[in-house]
Amino acid sequence: MKRRLAKIALALALLAVAVEVAILCTPLPRSLTDGLPPSVEFLDRDGHPLRLLLADECRFSRQIATPDLAPAIIDATLSAEDKRFFSHHGIDPLATARAVWQRIRGASVASGASTITQQVIKLAVPGQRTIARKLREIWLALALEQTWSKERILTEYLNRLEYGNLCTGIAAASRFYFQKPPADLSPAEAAFLAGIPRAPSRLNPRTDPSAARARQQWVLARMAANRRIDAATFSRALDEPLHIAPSGRQFEAPHFVDLLLHRSGLTPAADGTVRTTLDLALTHFAEESIAKNVALLADKNAGSGAAVVIDNATGDVLALAGSGDYFQTGDGQIDGAWMVRSPGSAVKPFTYLLALEAGAEPATIVPDVPTEFATDTGIYRPNNYNHRFYGPVSLRFALGNSLNVGAIRALQIGGGTEALHRFLRKCGITTLGHPADYYGLGLTLGNGEVRLLELTNAVAALARLGTYRPYRLLARADIAPGTRISSRESAWQLADMLSDNAARLASFGSNSYLHFDFPVACKTGTSSDYRDNWTVAYTPEFSVGVWVGNPDNSKMRGTTGVSGAAPIMHEIMAHLHQRFGTSWFERPAVLGKYPIDPLTGHLVESTRPGALSEWFRTPPRADPSDYAASGKVRLSPAYREWITGPQNTLGALATIADTAPALRIIEPEPGSIYYIDSDLPAESQWIPLRAEGGGEIAWTADTASRLETARLYLGEGRHDLIASDSATGAKAQTWIEVRVW
């Protein structure tokens, strides 16, 4: 008998060992070891949630780590589901026996027999409930207990539980119902959430709050009975009012998040979070400013606006508002910060920086007079916005008052359209896909389309005093190395010009939205037919870009960059100054200030009437030939028509040089293209020939084209024309091309 009992004991021991080994060798389900894929969640730079995406297109899932499991959550969950969790090995014989006895008696089962470990298996490998499946769950639960710690099992359970309203996991539920992380839940709130998974549909707080509340009170009673809370805490929790968050999920900075979602290569962290560069509060401010100011422009047919703020030190996009209201019917969801539109004069600062880099100074004088420029597509006759011409003007005045002829003169100094086209692309403008000659001289006036985000980042390169850095949407600790695009000295001079409120008085007055109580570099832009309003601005710390218009490209009525976009820019920049503080650029030591004559740009005595002070990299020189014996400023013949016309504001201060003027062909410009219309008589198809010099002008042509005095009758082909001055014998040459229409 003893030998038989010994054999039985040995057999049982061997069986136990075999079972133990089998359990240890049992592989856990792949769906469990791989973990539950979390929802991708976008956060602002300070951790404020922006948007939570559906995981697997069916649930909102957030992950929580073991250290973040607050005691209230553990106490409530264990009291509701498995009070002996930390003492059993995967199955609870007492709970199982109780459940079986309740079924035999026909009573309702007050609590389930499945342990939390078994429920983890069930959640990871869902399927039809059968006896075989139940036995498999028990076996896998025993295996899981041998492999994972209790803390890991509990964490996995809380991350996989369904809490209703598509919430998977305690972290998603805590944020959805109470708008707080699980660690901040009170015992009453923790008990409320712990009760929902028993029947998420029936206990849905949105549809049956009384049922959810009753379940919470049951959980609290279990917590008290299990001595998880004391009597005082139990009493307070019963009386604590629960403030369930309004329905709906966070949907902040929608255009910014949409922009990220459309980009490839977005890799969330292991917990699904995507930390962005965005400052949510600043973005809210920008959205409100856009909505308010665009509403004030309703009578101007302005329907939308956009704003971007960039941290110059890092390239971080702090704010991006593609419209004032994402949910506005029609245009709200169109991202004005990413649209491709004509920027008008907002790109002129880049032209002037090129001119400064080429050796010009802010005091360099250019003629702002009616001018015809020869281009590959014919004659280009730009006009200024106010249809006025100011004669001899400095680059500072021309930029401040956004003069179009002055901008083209600056472009010529800076190397022409090709140089500007190359420079803008170097500054991160990706939308100028055509060759430079496609845009022509109009590129400096804004006929090439840009995106607000890219233009604002290009402006940030100016704010870094000539260092380009890509903009960033995702938070990173490191800062990308910059690329130098200009000298610090030229960029400082440009910032000084753009911040000079006195320099823009002629066009904008003294109290426009470009005027601040602290230094800010600003530039407006208005595209043709008032389709787009722009304003860009910067300090050493921040760059701001604003666009106002209509996404369907319809015209606004009489609103410009200074009246449409500038009010929004002003509010945002003032807010940045108040919230963070702003400074100004340290002046490079090489720059010096000298008195100059504003009509010549040359050095004069500081006591000379009308003398101005200006910054120079190279000290200016005086030029006695600038003045006639009468003391008047001598102007070149280029000013002749302007000085004798009605727009001359210099009066007796200037005169045309009394030396014999150099021979100059006025019309046609070299390379002009003309067309013959076969439906019109040949006698009516001619062009005038105009030149100025010291005497009579005679014209000759190298072809058999008919030429009468100062009139050339059109004939197909290329024609070289020569003008001769009878007073000096000088000759000048031009050429044209005539085509058949």
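A salt bridge links E692 with R664: the closest approach of a Lys/Arg side-chain nitrogen to an acidic carboxylate oxygen falls below 4.0 angstrom. The pair D720-R718 meets the salt-bridge criterion, with a side-chain N (NZ, NE, NH1 or NH2) lying under 4.0 Å from an Asp/Glu carboxylate O. Residues R396 and D500 are paired through a salt bridge, judged by an N-O separation under 4.0 Å between the basic side chain and the carboxylate. The pair R617-E361 meets the salt-bridge criterion, since a charged nitrogen lies less than 4.0 angstrom from a carboxylate oxygen. Ion pair R531/E449 not flagged as a salt bridge, since none of the NZ, NE, NH1 or NH2 atoms sits closer than 4.0 Å to an Asp/Glu carboxylate oxygen.
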Q: Show your reasoning for whether side-chain hydrogen bond (donor to acceptor under 3.5 Å, both in side chains) applies to S402 and S345.
A: CA-CA 7 Å; S402 201; S345 298; 3.1 Å; yes

Q. Between T276 and L260, is a side-chain contact (heavy atoms from CB on, under 4.5 Å) present by the stated rule, with each step listed?
A. CA-CA 9 Å; T276 72; L260 277 173; 3.7 Å; yes

Q | Derivation of the side-chain hydrogen bond (donor to acceptor under 3.5 Å, both in side chains) call for Y326 and D258 | A | CA-CA 11 Å; Y326 186 83; D258 286 351; 2.8 Å; yes

Q | Step-by-step side-chain contact (heavy atoms from CB on, under 4.5 Å) determination, W492 to L591 | A | CA-CA 9 Å; W492 187 93; L591 292 172; 3.3 Å; yes

**Q.** Verdict with reasoning, E357 to S486, per side-chain hydrogen bond (donor to acceptor under 3.5 Å, both in side chains)
**A.** CA-CA 7 Å; E357 283 287 278; S486 77; 4.8 Å; no

Q: Evaluate the criterion side-chain contact (heavy atoms from CB on, under 4.5 Å) for residue pair V548 and W534; output intermediate values, then yes/no.
A: CA-CA 7 Å; V548 168; W534 301 75; over 6 Å; no

Q: Evaluate the criterion side-chain contact (heavy atoms from CB on, under 4.5 Å) for residue pair I596 and F616; output intermediate values, then yes/no.
A: CA-CA 10 Å; I596 53 102; F616 284 81; 3.6 Å; yes

**Q.** Worked verdict on T444 versus T351 for side-chain hydrogen bond (donor to acceptor under 3.5 Å, both in side chains)
**A.** CA-CA 6 Å; T444 188; T351 293; 2.6 Å; yes

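More than 12 heavy-atom neighbours from other residues, nucleotides or ligands sit within 6.0 angstrom of OH on Y380. Counting heavy-atom neighbours within 6.0 Å of Q647 CD, excluding the residue itself, gives a total above 12. The environment of F508 atom CZ is dense: over 12 non-hydrogen atoms of other residues, nucleotides or ligands sit within 6.0 angstrom.
Rounded to the nearest 0.5 Å, atoms OH (Y674) and CD (E737) are 12.0 Å apart. For the atom pair E586 CD and L465 CG, the distance stands at 10.0 Å (nearest 0.5 Å). Annotation: the span from L320 atom CG to L473 atom CG amounts to 7.5 Å, rounded to 0.5 Å. The structure places CH2 of W735 at 11.5 Å from NE2 of H719, a figure rounded to the nearest 0.5 Å. Interatomic distance, CG of L494 versus NZ of K348, reported as 13.5 Å (0.5 Å rounding). Within the model, atoms CG of N457 and CZ of R472 stand 11.5 Å from one another, a figure rounded to the nearest 0.5 Å.
Nearest heavy-atom pair, G564 versus N533, reported as atom, atom and distance to 0.1 Å: CA-OD1, 3.3 Å. When all heavy atoms of N293 and P567 are compared, the pair lying nearest together is OD1-CB, 3.7 Å. Shown here for A691 and L663, the closest heavy-atom pair between the two residues is CB-CD1, 4.4 Å. Closest non-hydrogen pair, E489 versus P588, comes out as CG-CB, 3.9 Å. The nearest pair of heavy atoms linking A302 to N550 is C-OD1, 3.7 Å. The heavy-atom pair separating L635 from A654 by the smallest distance is CD1-CB, 3.7 Å.
Using a 4.5 Å cut-off on side-chain heavy atoms (C-beta onward), V393 and I365 make no contact. Between W642 and N648, the closest side-chain pair of non-hydrogen atoms falls below 4.5 Å. No side-chain heavy atom of I736 sits less than 4.5 Å from a side-chain heavy atom of E669. F350 is listed as a side-chain neighbour of L455, based on a closest heavy-atom distance under 4.5 Å. Using a 4.5 Å heavy-atom cutoff, the side chains of L424 and L432 are in contact. In this structure the side chain of L411 reaches within 4.5 angstrom of the side chain of T417, judged on heavy atoms. The side-chain heavy atoms of L714 and I687, taken from C-beta on, include a pair separated by under 4.5 Å. Counting heavy atoms from C-beta outward, L420 and L354 have side chains that approach closer than 4.5 Å.
With H515 contributing its side chain and N511 its backbone, the two residues share no donor-acceptor pair below 3.5 Å. With hydrogens and angles disregarded, no donor-acceptor distance shorter than 3.5 Å links the side chain of R640 to the backbone of T644. Side-chain atoms of R469 come within 3.5 Å of backbone N or O of A480 as a donor-acceptor pair. The main-chain N or O of R388 is found under 3.5 Å from a side-chain atom of N386 such that the two form a donor-acceptor pair. A donor-acceptor pair under 3.5 Å links the side-chain atoms of S563 to the main chain of T560, judged by distance alone. Using modelled atom types, no side-chain atom of D597 and backbone atom of H602 make a donor-acceptor pair closer than 3.5 Å. At least one donor-acceptor pair closer than 3.5 Å links the side chain of T734 to the backbone N or O of P668. Looking only at distances, no side-chain donor or acceptor of R739 sits under 3.5 Å from a matching main-chain atom of G717. Side-chain atoms of N301 do not come within 3.5 Å of backbone N or O of M556 as any donor-acceptor pair. Using a distance-only test at 3.5 Å, with no hydrogens or angles considered, a donor-acceptor pair links the side chain of T277 to the main chain of V317.
Of the residues listed (V520, L498, I310, T456), the one engaging Y538 in a side-chain contact (heavy atoms from CB on, under 4.5 Å) is L498, and it is the only one.
Looking only at atom types and distance, the side chain of E541 has no donor-acceptor partner in the side chain of T582 under 3.5 Å away. No donor-acceptor contact under 3.5 angstrom links the side chains of D331 and S304, judged on distance only. Checking E454 against T430 by side-chain atom types alone, a donor-acceptor pair falls below 3.5 Å. In this structure, a donor-acceptor pair under 3.5 Å is present between the side chains of D368 and N384.
In this structure, R263 satisfies the cation-pi test against W338, with its NZ or CZ atom closer than 6.0 Å to the six-membered ring centre and inside 45 degrees of the ring normal.
Using the six-membered ring where Trp is involved, F397 and Y390 have ring planes that are perpendicular, over 60° apart on the 30 and 60° scheme. Using a 30° and 60° split on the angle between ring planes, F516 and H570 fall in the parallel class, below 30°.
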